Enquirer: 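Sharing a structure with you now.
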Amino acid sequence: MHDLKKEENLAILVAVDDDSGNIEWSLDELAELAKTAGIQISNTITQKRERPHPATHLGKGKLDELEEMIEWANPKPNILIFNDELSPAQFRNLTNRFNCNIIDRSILILDIFATGAASAEGKLQVELAQLKYRLSRLSGMGKMLSRLGGGIGTRGPGETKLETDRRHIRNRIQNLEANLKEISKNRENMRKKRKRGGAFVAALVGYTNAGKSSILNLLAGSEHVEVADKLFATLDTTLRRINLPGGAEVLISDTVGFIEKLPHHLIQAFKATLEELAHADVLIFVLDASHPQRDAHKDVVLKTLADLMITDTKIITVFNKMDKSPALPLPRDNRLDVAVEMSAITADGKGELLHALEEAYNSSKIQITVIIPYAESKLVSYIHENCEIITHSHEEAGNFFHLIVDEEAKNRLAPYQATLLSTQTGML
């Protein structure tokens, strides 16, 4: 991938304005991404177009203007950052025309992730995303990759360097996917173990830099999670235990924030990590109430959750940064269940959030009793893997279980239900 760290980085931002009304804040966000990657911005150029030019992203006139902008600049920029993901053809044509490092929004985000990933899993995920991105664009990497290969590790003197690189990348992708599959399997086993132990998991989710880590530190009473006023300060999954007012212990998980145009390869690479969201009992959706684009941020997060097939999990919305006097009224959405107004800085609203979590915790604790015939050994295994067992005894009719279950397990075990004791813990 492109190394954005080994040179003095001065860039021009390039964007197509499709008249959707988002261009200003989208470019502000692109500039913030560049800043996070250690790149300074010298200028910005935009073109009003319904859609990017299929061959060169910008039209001929704007390309000429961009060329002139580079020529007269002092100091001269060495990077062009495009606000959209470039196709292989666009990348190739732009690289051939401009004597600058051509990168797009996806490359920029991948570079930030590569720098920020700390865990072994995070590094594997980022490398996988980078290689998949590069593999799809090898044909646009310039004439350098067209030279003949040969030597150790190639199939013969007639193989081009492009073919060699492609084969090497595919082999590395297979190895990374195998390693991540093993990590995913271990993560799934840990989730099942937590579930058998009756653990209740709340997952923090939100747009990057909304304050998720600050809220985690506030709830956990610690400062162990990095907090920084920058995009993607948190990349690796963090898990903390907290106690609710009633004394129950729950787990809070925090992971990477979302952003507009989050690269598809990155979502796929982080799939094992993002599965934590799918298996959470409740989502804590942190929204920066003070941000001028909070409605757009809300829609990006909800769309990403829908893309991940996470549509039925209960959501507690936290309007964070209320200490900054945000514009009212706050946005509402029928896809969101409970709303809490708070500030992670002043701790105002912490009690309301804990109360909302406790209500979600109590409503999730469905108690049932079932009798499973002795011939249904697979169902007994399912109970041990997916339910919290309060009591278990062997009766004449079969295995008797008193369980705490979720809705999925309750529905699966419905044909074997004996007496429904209660819908909430403590009401037998």
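All of these numbers come straight from a predicted model, not from anything done at the bench. In this chain, residues are counted from 1 in sequence order.
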Enquirer: Distance-only, no hydrogens or angles: does the Asn78 side chain make a donor-acceptor pair with backbone N or O of Leu10 under 3.5 Å?
Expert: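 The answer is yes, because a donor-acceptor pair under 3.5 Å joins these two groups.
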Enquirer: Does Glu29 pair with Arg105 as a salt bridge, N-O distance under 4.0 Å?
Expert: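 Looking at Arg105 together with Glu29, the answer is yes, because their closest N to O distance falls below 4.0 Å.
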Enquirer: Return yes if some donor-acceptor pair links the side-chain N/O of Asn96 with the main-chain N/O of Arg92 below 3.5 Å, else return no.
Expert: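 Flag set: sc Asn96 to bb Arg92 pair under 3.5 Å.
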Enquirer: Please check: side-chain N/O of Glu260 versus main-chain N/O of Ser26, any donor-acceptor pairing under 3.5 Å?
Expert: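 Not confirmed, Glu260 side chain does not pair with Ser26 backbone.
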Enquirer: Kindly check if the number of other-residue, nucleotide or ligand heavy atoms within 6.0 Å of NZ (Lys185) is above 12?
Expert: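 Atom NZ in Lys185 is not crowded, with 12 or fewer foreign heavy atoms closer than 6.0 Å.
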Enquirer: Is it true that a side-chain atom of Ser184 and a backbone atom of Leu180 form a donor plus acceptor pair closer than 3.5 Å?
Expert: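 Such a contact is absent between Ser184 side chain and Leu180 backbone.
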Enquirer: Can you name the residues that form a ring-ring contact (aromatic ring centres under 6.0 Å, His included) with Phe82, not counting sequence neighbours?
Expert: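 ring-ring contact (aromatic ring centres under 6.0 Å, His included) list for Phe82, sorted by chain: His57.
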Enquirer: For Ala344, is there any backbone N or O sitting under 3.5 Å from a side-chain donor or acceptor partner on Asn320?
Expert: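 At least one qualifying donor-acceptor pair exists.
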Enquirer: Measuring only between side-chain heavy atoms, which start at C-beta, is Leu30 closer than 4.5 Å to Leu108?
Expert: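 A side-chain contact exists here, since the closest heavy-atom pair is under 4.5 Å.
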Enquirer: Checking the side chain of Lys35 only, and the main-chain atoms of Gln40 only, is there a donor and an acceptor separated by less than 3.5 Å?
Expert: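 It does not hold such a pair.
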Enquirer: If every non-hydrogen atom of Pro326 is compared with every non-hydrogen atom of Ala289, which pair is closest and at what distance?
Expert: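 So the two residues come closest at CB-O, 3.0 Å.
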Enquirer: Quick one: do Leu128 and Ile173 satisfy side chain to side chain contact (heavy atoms under 4.5 Å, CB included)? Show the steps, please.
Expert: CA-CA 6 Å; Leu128 178 61; Ile173 285 174; 3.8 Å; yes
Enquirer: Do the non-hydrogen side-chain atoms of His279 and Val201 ever get within less than 4.5 Å of each other?
Expert: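 No, side chains not in contact.
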Enquirer: Which heavy atom in Ala199 sits nearest to a heavy atom in Asp281, and how many Å separate them?
Expert: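 Result for this residue pair: O-OD2, 3.9 Å.
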Enquirer: Kindly indicate, with the supporting measurements, whether the criterion side chain to side chain contact (heavy atoms under 4.5 Å, CB included) is fulfilled by Leu80 and Leu94.
Expert: CA-CA 10 Å; Leu80 298 180; Leu94 290 165; over 6 Å; no
Enquirer: Are the side chains of Asn186 and Glu182 in contact, using a 4.5 Å heavy-atom criterion?
Expert: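 A side-chain contact under 4.5 Å exists here.
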Enquirer: List the atom of Ala114, the atom of Gln130, and the distance in Å for their closest heavy-atom pair.
Expert: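 Result for this residue pair: CB-NE2, 3.5 Å.
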Enquirer: Looking at every heavy atom in both Leu353 and Met342, which two are closest together, and how far apart are they?
Expert: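 Taking Leu353 first and Met342 second, the nearest heavy atoms are CD2-SD, 3.7 Å.
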Enquirer: Kindly determine whether Trp25 and His297 satisfy ring pair (Phe, Tyr, Trp, His ring centres under 6.0 Å), including the steps that lead there.
Expert: CA-CA 11 Å; Trp25 78 265; His297 289 184; 5.7 Å; yes
Enquirer: Side chains of Ile23 and Lys48: closer than 4.5 Å at any heavy-atom pair?
Expert: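 No, every pair of side-chain atoms sits at 4.5 Å or beyond.
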Enquirer: Does the side chain of Leu58 reach to within under 4.5 Å of the side chain of Val16, using non-hydrogen atoms?
Expert: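 In short, these two side chains touch, coming nearer than 4.5 Å.
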Enquirer: Looking only at side-chain N and O atoms, does Asn93 offer a donor or acceptor that is under 3.5 Å from a partner on Thr56?
Expert: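 Side chains of Thr56 and Asn93: no pair found under 3.5 Å.
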Enquirer: Apply side chain to side chain contact (heavy atoms under 4.5 Å, CB included) to Lys60 and His53, showing your working.
Expert: CA-CA 9 Å; Lys60 183 180 183 304; His53 191 287; over 6 Å; no
Enquirer: Taking it one step at a time, do Ile259 and Tyr207 satisfy side chain to side chain contact (heavy atoms under 4.5 Å, CB included)?
Expert: CA-CA 6 Å; Ile259 196 169; Tyr207 209 80; 3.6 Å; yes
Enquirer: Using the side-chain contact (heavy atoms from CB on, under 4.5 Å) definition, which of the options Asp307, Val300, Asp299 pairs with Lys303?
Expert: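 The option that passes is Asp307.
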Enquirer: Would Glu177 and Lys132 count as a salt bridge (charged side-chain N to carboxylate O under 4.0 Å, His left out) here? Give the steps.
Expert: CA-CA 11 Å; Glu177 287 179 334; Lys132 284 189 171 181; 3.0 Å; yes
Enquirer: Could you pull out the closest heavy-atom pair between Asp104 and Asp84, with the gap in Å?
Expert: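 It is CB-O, 3.1 Å.
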Enquirer: Tell me whether Lys62 contacts the main-chain N or O of Thr46 through its side chain, where contact means a donor paired with an acceptor under 3.5 Å.
Expert: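 Such a contact is found between Lys62 side chain and Thr46 backbone.
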Enquirer: For the side chain of Arg294 and the backbone of Phe319, is there at least one donor-acceptor N/O pair under 3.5 Å apart?
Expert: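 A pair under 3.5 Å: no.
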Enquirer: Can you give me the closest heavy-atom contact between Ala409 and Tyr382, atom names plus distance?
Expert: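 Reported closest heavy-atom pair: CA-OH, 3.4 Å.
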Enquirer: Under 4.5 Å between any side-chain heavy atoms of Tyr361 and Val282, yes or no?
Expert: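 Side chain of Tyr361 against side chain of Val282, heavy atoms only: no contact under 4.5 Å found.
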Enquirer: Mind checking whether Glu127 and Lys123 have side chains closer than 4.5 Å, heavy atoms only?
Expert: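 Not touching, per the 4.5 Å side-chain cut-off.
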Enquirer: More than 12 heavy atoms of other residues, nucleotides or ligands under 6.0 Å from CG of Asp312: is that the case?
Expert: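 No, CG of Asp312 has 12 or fewer neighbouring heavy atoms, counting only those of other groups under 6.0 Å.
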Enquirer: Considering only heavy atoms from C-beta outward, does the side chain of Asp323 approach that of Asp348 to under 4.5 Å?
Expert: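 Of all side-chain heavy-atom pairs linking Asp348 with Asp323, none is under 4.5 Å.
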Enquirer: Hey, is the main chain of Lys321 close enough, under 3.5 Å, to the side chain of Ser343 for a donor-acceptor pair?
Expert: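 No; zero donor-acceptor contacts below 3.5 Å.
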